[in-house]
2 protein chains.
Amino acid sequence: MTDTPHRRGADRTEVIMRTTLELGQEIGYAKLSIEAVAARAGAGKHTIYRRWSSKGALLLDSLLSLHESDLDYPDTGDIVADLREQIHAAVDLIGRPPFGPLYQALVGEAQYDPRVAAALNERFIAPQTDKTVARLKKAQDQGQLASGFDLDLAMAILSGPLYFRFLITQEPLTHEYVDRILDALFVGMGPHPQP
Amino acid sequence: MTDTPHRRGADRTEVIMRTTLELGQEIGYAKLSIEAVAARAGAGKHTIYRRWSSKGALLLDSLLSLHESDLDYPDTGDIVADLREQIHAAVDLIGRPPFGPLYQALVGEAQYDPRVAAALNERFIAPQTDKTVARLKKAQDQGQLASGFDLDLAMAILSGPLYFRFLITQEPLTHEYVDRILDALFVGMGPHPQP
DNA sequence: TGTCAAGTACGGCACGTGCCGTACCGATAG
DNA sequence: CTATCGGTACGGCACGTGCCGTACTTGACA
């Protein structure tokens with residue numbers, strides 16, 4: 001028969017994640033219910049609960065399945081140019097639909113669900129931090145960055161203003177904003193002509 | 001009669017807010033319900049719904065009633081020293097119980113409830129930003145800060161790394177961390193001995 | 001290589017629970 | 001007399017968990 005209603009294995013997982021993103025974009029994360037996802041996906045609630053422990057876990061998986069980590073750093077030799085390019089890409093992904101609003105809600109959920117916070121950190125934040133620190137380390141070795149500088153701190157200083165705008169003032173993340181941040185910061189973090 | 005069960009006016013408001021903070025600290029914001037607050041406060045649910053439109057609005061009011069804005073800036077003439085002192089105080093308030101965890105949850109709620117986001121911004125974020133910008137402006141006029149510097153951007157650069165640690169990596173906010181941020185930043189933002 | 005029984009993942013349904021937000025009540029105070 | 005209160009009851013929704021019948025998969029046996 002065509003269109004068999006009962007399948008198994010990984011295809012169900014994929015359908016459910018796709019439906020989660022669809023519904024999430026339509027009605028927003030707050031109103032999104034597992035019940036509704038199951039209904040639209042033509043899936044039993046069990047099938048969802050079997051794989052994901054919470055709405056947050058489901059959304060995190062769904063979002064990660066969407067972009068598959070294209071936020072890698074170029075390495076042209078110029079640290080500021082490379083940071084600029086990577087952060088522009090990150091901002092394009094995170095700052096706009098479909099990823100943006102759902103990612104924002106996920107970070108929100110992470111503020112009162114420690115399991116979501118842990119999963120988000122492990123599967124998205126930490127890998128991004130690692131990439132950034134690795135790229136910064138290289139720049140440091142090449143003398144483009146003050147040698148004693150704590151690179152985890154640098155990560156916080158670079159990302160912080162973006163998250164501040166994204167989560168707190170909730171204004172749009174533009175390339176122009178990114179550029180202003182970078183311009184402001186790299187006067188101070190680079191090697192200075194000081195006695 | 002002593003301990004009259006039915007009162008009116010503003011005293012109910014106060015009891016409800018106090019109870020909200022109590023219960024919130026005990027069981028966390030996620031599990032906090034208006035029903036439970038009403039029960040413990042000895043209040044009718046209607047009395048709560050009459051004054052607050054959501055759980056977030058209730059918590060925001062409760063938190064603001066607690067500290068009453070003691071995050072003012074000193075003005076010793078040294079901008080870095082003043083910022084350090086103010087941010088230390090802010091971190092002491094925001095980074096620890098009782099304010100800390102509840103404030104964190106409130107920011108989380110603001111990520112999918114625009115009304116909470118607006119209220120939070122209007123009643124806490126914006127006033128703090130205004131104070132910071134005012135203090136920075138003074139420093140700029142006295143030549144302690146690069147003269148062209150966008151002060152709203154400076155606010156984001158100062159606060160961003162703190163919120164990043166608070167919300168994203170969720171590590172504790174210490175004075176030592178604040179100091180490292182300030183030390184790193186004020187090499188770059190101050191006036192430089194450059195040709 | 002073909003057959004069939006056991007096992008597994010599934011969709012659908014119903015259940016009990018908890019909290020939502022609203023409506024109504026009787027009591028109390030101004 | 002009227003506004004406000006505490007208390008209770010209500011319908012509604014989504015939660016998370018059982019149970020059932022079904023389709024697909026596996027593998028032992030011939």
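Letters go in sequence order (proteins before strands), and every chain restarts at 1.
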>> Listing request: all side chain to side chain donor-acceptor pair (under 3.5 Å) pairs with a residue in residues 118-127 of chain A, at least two apart in sequence or in separate chains.
In response: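 Output for this query lists A/D61-A/R123.
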>> Applying side chain to side chain contact (heavy atoms under 4.5 Å, CB included), can you list everything that pairs with B/I34, at least two apart in sequence or on another chain?
In response: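 B/I34 satisfies side chain to side chain contact (heavy atoms under 4.5 Å, CB included) with B/I48, B/Y49 only.
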By salt bridge (charged side-chain N to carboxylate O under 4.0 Å, His left out) - contacts of [X] (at least two apart):
X      : value
B/D152 : none
B/R180 : A/D150, B/E176
A/R40  : A/E22, A/E26

In whole angstrom, give the distance that lies between atom [atom1] of [X] and atom [atom2] of [N].
X     : N      : atom1 : atom2 : result
A/L23 : D/dA14 : CG    : P     : 11 Å
A/I48 : D/dG16 : CD1   : P     : 11 Å
B/L58 : C/dC20 : CG    : P     : 11 Å
A/W52 : D/dC15 : CH2   : P     : 15 Å
B/R51 : D/dA3  : CZ    : P     : 16 Å

Could you pull out all donor-acceptor pairs under 3.5 Å where a side-chain atom in residues 162-171 of chain B meets a protein atom, sequence neighbours excluded?
{"unit_1": "B/Y163", "atom_1": "OH", "unit_2": "B/Y103", "atom_2": "OH", "d": "2.8"}
{"unit_1": "B/R165", "atom_1": "NE", "unit_2": "B/P172", "atom_2": "O", "d": "2.7"}
{"unit_1": "B/R165", "atom_1": "NH2", "unit_2": "B/P172", "atom_2": "O", "d": "3.2"}
{"unit_1": "B/T169", "atom_1": "OG1", "unit_2": "B/R165", "atom_2": "O", "d": "3.3"}
{"unit_1": "B/T169", "atom_1": "OG1", "unit_2": "B/E171", "atom_2": "OE1", "d": "3.0"}
{"unit_1": "B/Q170", "atom_1": "NE2", "unit_2": "A/A110", "atom_2": "O", "d": "3.1"}
{"unit_1": "B/Q170", "atom_1": "NE2", "unit_2": "B/L167", "atom_2": "O", "d": "3.2"}

>> I'd like to check the side chain to side chain donor-acceptor pair (under 3.5 Å) partners of A/T129; sequence neighbours left out, ordered by chain and number.
In response: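 Here no residue qualifies.
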>> Quick one about A/E109 and B/Y112 (side-chain donor to acceptor, distance below 3.5 Å, no hydrogens or angles considered), yes or no?
In response: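 Yes, A/E109 and B/Y112 have a side-chain donor paired with an acceptor closer than 3.5 Å.
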>> Just to be sure I understand the geometry, which residues of residues 29-37 of chain A put a non-hydrogen atom under 4.0 Å away from DNA chain D?
In response: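 Residues of residues 29-37 of chain A that come under 4.0 Å of DNA chain D are, in numerical order, A/S33, A/I34, A/E35.
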For nucleotides 22-25 of chain C, which of its nitrogen or oxygen atoms have a protein nitrogen or oxygen under 3.5 Å away, and what is each distance?
none

> Would one find a side-chain N or O of A/R50 under 4.0 angstrom from OP1 or OP2 of C/dG11?
Replying inline: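 So the side chain of A/R50 is outside the cut-off, no N or O lying under 4.0 Å from OP1 or OP2 of C/dG11.
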>> Using OP1 and OP2 only, check whether a side-chain N or O of A/T47 sits under 4.0 Å from C/dG11.
In response: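 Checking C/dG11 against A/T47, a side-chain N or O does come within under 4.0 Å of OP1 or OP2.
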